[in-house]
Amino acid sequence: MPITVLDPVQQSLPLDEADALAPAPRLDTLNGKVLGLWNNDKTNARMLLEMIGEELAKHYSFTIIRGLYDSGNLMPADGWGEVDKCDAVILANGDCGACSTSGIVNAIELEKRGIPTMLVATPPFTEAVRTSASLRGMPSISWAIVDHPVASLKEDGLRERAIEAVRQFPELMVAPVARKSAA
Amino acid sequence: MDSARIEAADFDAVQDLFHSKGWTDGLPVVPPTPERVAQFLVAAGLDADYQLGFYEERRIPVYAEKVAINAVMAGCLPEYFPVVVAIIEAMLEPGFPIHVANSSTGSFTLGFLVNGPIRNAIGMNCHGNMLGPGNRANSSIGRAVRLIQLNVLGSIPGAGAPDPSHGRAVLDRSMMGQPAKYAGYHIVENEEEFPSLTPTHVELGFAPADSTVTLFLIAGYHWTDCHGEQTPEEWIDTMAHYVIGTGKLTAAGFGILLLPPENARLFAGAGWSKADIRKALFEKTRRSVAWVKQSGFKVRFHRPRCEPVEPGDEDKFVAMAASPDPGSLFVVVGGGVAGSWPYYLYGAGGPGSAVKKKIRWQHAAAAPGPVVSALEPLREMLAADDYQLALSDDGAGVLVVEIKAGPEACADCLVPKPMMRGYFDKALRDAVGAAAPEVRLIYPEDRRDGASAAT
């Protein structure tokens with residue numbers, strides 16, 4: 001006997017191309033700016049961000065604000081404390097399912113506040129991050145991808161990841177025109 | 001809300017469809033027909049497009065109809081649906097780490113504790129095999145929650161396996177998964193057997209007559225052996241060793257102790273309250289951060305083991321939960337009549353992450369499905385004259401039937417109260433015989449007089 005059934009799936013709110021959010025304008029340079037290093041308390045996250053700060057300091061002169069965020073939750077409406085004082089922010093780690101996807105949705109929250117942001121995530125989560133970015137309405141956001149893993153590395157390996165992330169910084173965070181004139 | 005209707009040739013075709021689309025957990029489903037789904041919405045008194053909450057991370061509005069469809073698929077009965085609704089509302093409360101449950105490489109799942117009269121009204125099991133198979137309400141409510149995570153919240157499992165044939169994006173990245181991801185930890189408190197051990201919802205500030213769910217993010221459980229312990233103190237000492245052995249001492253989290261009747265008897269007989277149990281166990285599991293580091297445990301999730309001891313670590317302490325308070329360390333009586341196998345469930349998330357919700361079941365009332373069905377002709381008869389029927393439960397087993405007048409209500413059409421009572425009593429006796437609940441009838445004029453006088 002034929003049976004009529006109902007579709008059990010709920011889609012995310014539809015997103016027309018016109019509604020898609022654009023990332024914040026990129027930096028002209030990091031020189032003289034305030035860089036936010038926000039870690040999600042995963043193993044090595046704080047140390048990776050410190051190393052990224054050190055590697056960036058070889059190319060730019062800037063000041064740093066440090067912060068902690070909850071990778072289990074979306075940023076509350078009143079933000080993350082001092083994060084609004086930053087001209088740019090780097091988030092880490094994105095080397096697990098919740099921390100990579102919550103990392104990108106929080107990066108989108110920062111972009112919406114006008115702060116260019118770079119999440120550092122690993123390749124096993126590229127699809128999950130891309131899908132999450134689309135669901136949250138900013139499909140064009142980019143992020144730094146470094147080799148997996150991060151959490152279990154010792155200092156040497158972590159330094160390599162920091163260098164990998166910093167190599168991607170100009171393309172992800174500095175406006176193309178500014179990059180060209182600096183070259 | 002108008003979910004797409006799909007025609008399938010027969011029952012087997014429904015199963016093939018749901019498997020091929022990735023709409024099931026790997027097991028067969030009850031076909032969610034429009035008629036069955038409508039019964040669920042009636043049972044919870046919800047419109048199809050009522051929004052239970054919003055899943056921010058994926059921008060997903062959660063509507064009653066989609067939740068009902070998945071509850072039907074899981075094998076629930078309509079009268080279970082108010083419990084499912086309360087669980088879903090709890091998981092969408094701000095602060096509950098639902099995104100962790102839905103996306104983590106850690107194999108977290110959900111646990112829900114049900115308290116209050118609805119447990120018995122819908123036949124939930126707080127006795128033997130409480131967390132296991134066998135009881136329709138326990139199992140199907142838990143499975144409904146999982147199917148809702150899968151189909152409504154978009155948590156499609158499969159990471160690292162070959163790409164799923166259905167092509168849906170894999171967002172549940174559980175590295176190993178766990179058996180409790182099929183139906184969660186369905187915890188039901190045995191509130192009756194040891195009255196001195198106050199039920200959890202009452203400890204949390206609800207009335208005994210309230211029905212509630214408390215929702216937890218759970219990492220796993222530890223099954224322990226306390227058969228040889230002769231005194232509460234010995235029991236606490238043994239249990240503390242097991243709890244510490246899980247490596248889950250925390251400064252900010254929560255823990256759940258499932259206390260079987262044999263052990264509950266030991267404590268109740270010695271005059272211990274739940275607060276006494278919590279305090280003793282908390283103290284016995286309390287260790288300095290220095291001790292934790294030196295013992296090779298972790299002081300926090302995501303910390304390397306054997307971290308160097310730092311100045312001040314001797315004076316900082318962690319224990320099995322953030323505090324011995326009832327909202328942080330849960331002690332729940334449940335399980336089979338024989339055996340001293342207490343469980344320790346270790347959670348994840350901060351102290352605020354356990355969310356408590358009152359279950360709204362006015363429409364389902366104390367009312368098992370047959371009671372609601374038996375009153376349907378009376379509901380229709382009253383509706384013809386623009387009177388609505390509202391059912392609720394007074395918490396003591398009395399079915400409160402309130403008749404409310406709509407704007408077009410015909411004042412002369414309502415029969416005298418004693419006659420109406422007769423109609424209700426007969427309908428219920430015919431449907432459920434001796435199980436018919438006592439009825440308290442409230443008429444519109446009772447409300448107008450400012451009293452709740454009822455006969």
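Since the structure is predicted, the reported quantities are computational estimates derived from the model, not experimental observations. Letters go in sequence order (proteins before strands), and every chain restarts at 1.
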Counting heavy-atom pairs closer than 4.5 Å to chain B, which one of V105(A), L74(A), N106(A) comes out on top?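 Most heavy-atom pairs within the cutoff with chain B belong to L74(A).
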
message = Let's test your reading of the structure: which of D70(A), T4(A), I108(A) forms the most heavy-atom pairs below 4.5 Å with chain B?
response =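 So the answer, after comparing D70(A), T4(A), I108(A), is T4(A).
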
Qualifying residues under side chain to side chain contact (heavy atoms under 4.5 Å, CB included), relative to H148(A), sequence neighbours excluded: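 Counting only residues at least two positions away or on another chain, H148(A) forms a side chain to side chain contact (heavy atoms under 4.5 Å, CB included) with D95(A), T122(A), P123(A), P124(A), F125(A).
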
Of the backbone (N, CA, C, O) and the side chain (C-beta and beyond), which part of [X] lies under 4.5 Å from a heavy atom of chain A, both, or neither?
X	value
V37(B)	side chain
M73(B)	side chain
R168(B)	side chain

Note to self: Within the structure provided, determine whether E57(B) and N102(B) are in side-chain contact (heavy-atom separation under 4.5 Å).
What the structure shows: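 No. Closest side-chain heavy atoms not under 4.5 Å.
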
Problem - Test item: V5(A) and F18(B) side chains (from C-beta on) under 4.5 Å apart, heavy atoms - result: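 SC-SC contact between V5(A) and F18(B) confirmed.
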
inquiry  = So, using ring-ring contact (aromatic ring centres under 6.0 Å, His included) as the criterion, who are the partners of W143(A) when residues are at least two apart?
reply    =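 ring-ring contact (aromatic ring centres under 6.0 Å, His included) list for W143(A), sorted by chain: empty.
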
When you measure from the side chain of K66(B) to the backbone N and O of D7(A), does any donor-acceptor pair fall under 3.5 Å?
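Between the backbone of D7(A) and the side chain of K66(B) there is a qualifying donor-acceptor contact (under 3.5 Å).
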
Worksheet item: Any donor-acceptor pair under 3.5 Å linking the side chain of E111(A) with the backbone of A24(A)?
Response: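 Looks like yes, one N/O pair under 3.5 Å.
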
Note to self: Report which part of A128(A) has an atom under 4.5 Å of a heavy atom belonging to chain B: side chain, backbone, both, or neither.
What the structure shows: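 When you check distances to chain B, atoms from both the backbone and side chain of A128(A) fall under 4.5 Å.
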
At a heavy-atom separation under 4.5 Å, does T131(A) approach chain B through its side chain, its backbone, both, or neither?
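Contact with chain B involves the side chain of T131(A) alone.
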
